[in-house]
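Worksheet for the structure shown next.
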Protein chains: 2
Amino acid sequence: MPKSTTHPNPSHEALAVVLQVRGFVLQVLLWERAREPFLGAWSLPGGRLEHGETLERSIRRHLAAKVDVRDVAHLEQIETLSDPGRHPERWLVATAYLGLVPAHVDPRVPADTAWHPVDELPSMAFDHGEIALAGRERLRAKLSYTNIGFALAPPSFTISELRALYRAALGHDVSATNLQRVLLRRRVLEPTGDTRAPGRTGGRPGAVFRFAAAGLEVTDQFAVLRPPDSR
Amino acid sequence: MPKSTTHPNPSHEALAVVLQVRGFVLQVLLWERAREPFLGAWSLPGGRLEHGETLERSIRRHLAAKVDVRDVAHLEQIETLSDPGRHPERWLVATAYLGLVPAHVDPRVPADTAWHPVDELPSMAFDHGEIALAGRERLRAKLSYTNIGFALAPPSFTISELRALYRAALGHDVSATNLQRVLLRRRVLEPTGDTRAPGRTGGRPGAVFRFAAAGLEVTDQFAVLRPPDSR
DNA sequence: GCAAAAGTGTTGTGTCTACACCCATGT
DNA sequence: ACATGGGTGTAGACACAACACTTTTGC
């Protein structure tokens, strides 16, 4: 049995794919590297896991340096990457998280940090490009069977506004009619009772809705092969 | 900035929830601990991540000591656990995998290793009980929207045989009629053309099927909010 | 013939998309 | 009045569950 000193442990970092719909486009928060390797390339925010903290606490701590953490409405683990070649010099394991920021906030970010459309990623450091895309896919999948939209939307909104968010996140058009019906049938949305005044150009005032729950819930379980007579 | 020596890295281990349907019951491969902490309690197979290997290679290497790795038909990452208190003495991060063994093989396992029904777990070490249940839930979820059954089933089988596997894995009854229709409609199964002779007690010979694909495929994407006119 | 097991026909239900139409507002 | 955007009604497609019924075998 080898002595433990001959087998050091990997460094472990937490990374976050922080997504927000900004200007009708799904964007990811990136950080421009100031040193080699990948000097000048963009990377996901994150950093080292310290003794005594969980990965989730760690990513929250690192994100605090980039955005107001209270603005992150949802955070979930995506995947842990361990390819020995993912960092050219060191042995570095990374656990990636998905973070979502609602559209109504505009967090102040440091000068070396900026939002980029997920569909037009700049030159990315390490494997961070693939991780960002994995985050986008996780969001897209969960939009269709959970209430995860709550983490992209402001506290209240009209169906049109919500539709714009879904369209940006999903990358394809979404019918306002069907979006409303699906989310109401599942009781994901509920009307606030208010209406939103129309713009200069007129139009009927839109009803205002909110998400019924503040945390992630699965809303479309057992699509098939459900237990018998579970209606 | 603290020196790196004052901040050691965590040990990192890979664990596996290896599931197989044995005797009409979903069972998990467990390993009886021979030393403290948790002496005599049962734990998931796995072990230390070594330099130069990925987590997946690592779990395959550790599993090789318990089962013939070629018997593991599917392996996927579940989650990484990082609670500092999950090990009473050391700082130990664990990445859990789900492994599936088809029902037709009976791997030779060492004396300290045994299969246990997932629904009646023995006294478990660390957080391994929760991890085992998370593995079961991952399997159950994927049974309903992917072809993951291929990793539980033998190369060919009748619908009755497949139904028994699904019932054991899902934990509730499954209608053979509907199982057949769902999996054929999705082209997850295909007939081999053969039939299986009935038992002593008679009955119509059953048609023999196989899974159409050997790897994991999502078969029920876009349950809702799919792109317009994507039929 | 009878029991047992496999497989098909059929009906009902629920969910979703698409599209036509109606509603409420500003100019 | 009319343009604009919001909302409802409705029909069709589809997938699924449930159950009755038929088919094929052993005894």
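In what follows, chains carry the letters A, B, and so on, assigned in the order in which the sequence lines appear, proteins first and then strands, with residues in each chain numbered from 1.
OP1 or OP2 of D:dT24 has not a single side-chain nitrogen or oxygen of B:Arg196 nearer than 4.0 Å.
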From CA spacing to verdict: side-chain hydrogen bond (donor to acceptor under 3.5 Å, both in side chains), B:Ser156, B:Thr192 = CA-CA 8 Å; B:Ser156 70; B:Thr192 66; 5.9 Å; no

Check the pair A:Arg138, A:Glu79 against salt bridge (Lys or Arg N to Asp or Glu O under 4.0 Å), reporting the backbone distance first and the verdict last.
-> CA-CA 11 Å; A:Arg138 172 72 64 97; A:Glu79 182 192 8; over 6 Å; no

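Rounded to whole Å, atom P of D:dA17 lies 11 Å from atom CG of B:Leu183. Rounded to whole Å, atom P of D:dG12 lies 17 Å from atom CG of A:Asn178. Atoms CZ (B:Arg163) and P (C:dG7) sit 12 Å apart, rounded to a whole Å. In this structure, B:Leu179 places its CG atom 16 Å from P of D:dA15, rounding to the nearest Å. For the pair B:Arg204 CZ and C:dA4 C1', the computed distance is 13 Å after rounding to whole Å. Atom pair A:Gln180:CD and C:dT15:C1' shows a separation of 16 Å (rounding to whole Å applied). Atom CZ in B:Arg200 sits roughly 12 Å away from atom P in C:dA5 (whole-Å rounding). The distance between atom CG of A:Leu162 and atom P of D:dG5, rounded to the nearest whole Å, is 18 Å.
No close placement of the B:Trp42 and B:His128 rings is indicated, their centers lying 6.0 Å or farther apart.
Counting non-hydrogen atoms under 4.0 angstrom, B:Ser160 reaches the backbone sugars and phosphates but no base. No contact: B:Ala197 has no heavy atom under 4.0 Å from any strand. Using a 4.0 Å heavy-atom criterion, one finds that B:Ala207 contacts the sugar-phosphate atoms exclusively.
For the pair B:Glu56 and B:Tyr97, the tightest heavy-atom approach, listed with the atom from each and the gap, is N-OH, 3.5 Å.
Here the side chain of A:Val182 is nearest to one of C:dT17, D:dG26, D:dT8, namely C:dT17.
Remark: side-chain polar atoms of A:Arg163 are paired, donor with acceptor, to backbone N or O of A:Val174 under 3.5 angstrom.
Annotation: of the two residues near DNA chain C, A:Arg185 and B:Thr201, the 5′-most nearest-nucleotide partner is B:Thr201.
Taking 3.5 Å as the limit, the base of C:dT10 and the side chain of B:Arg181 contain a donor-acceptor pair of atoms between them.
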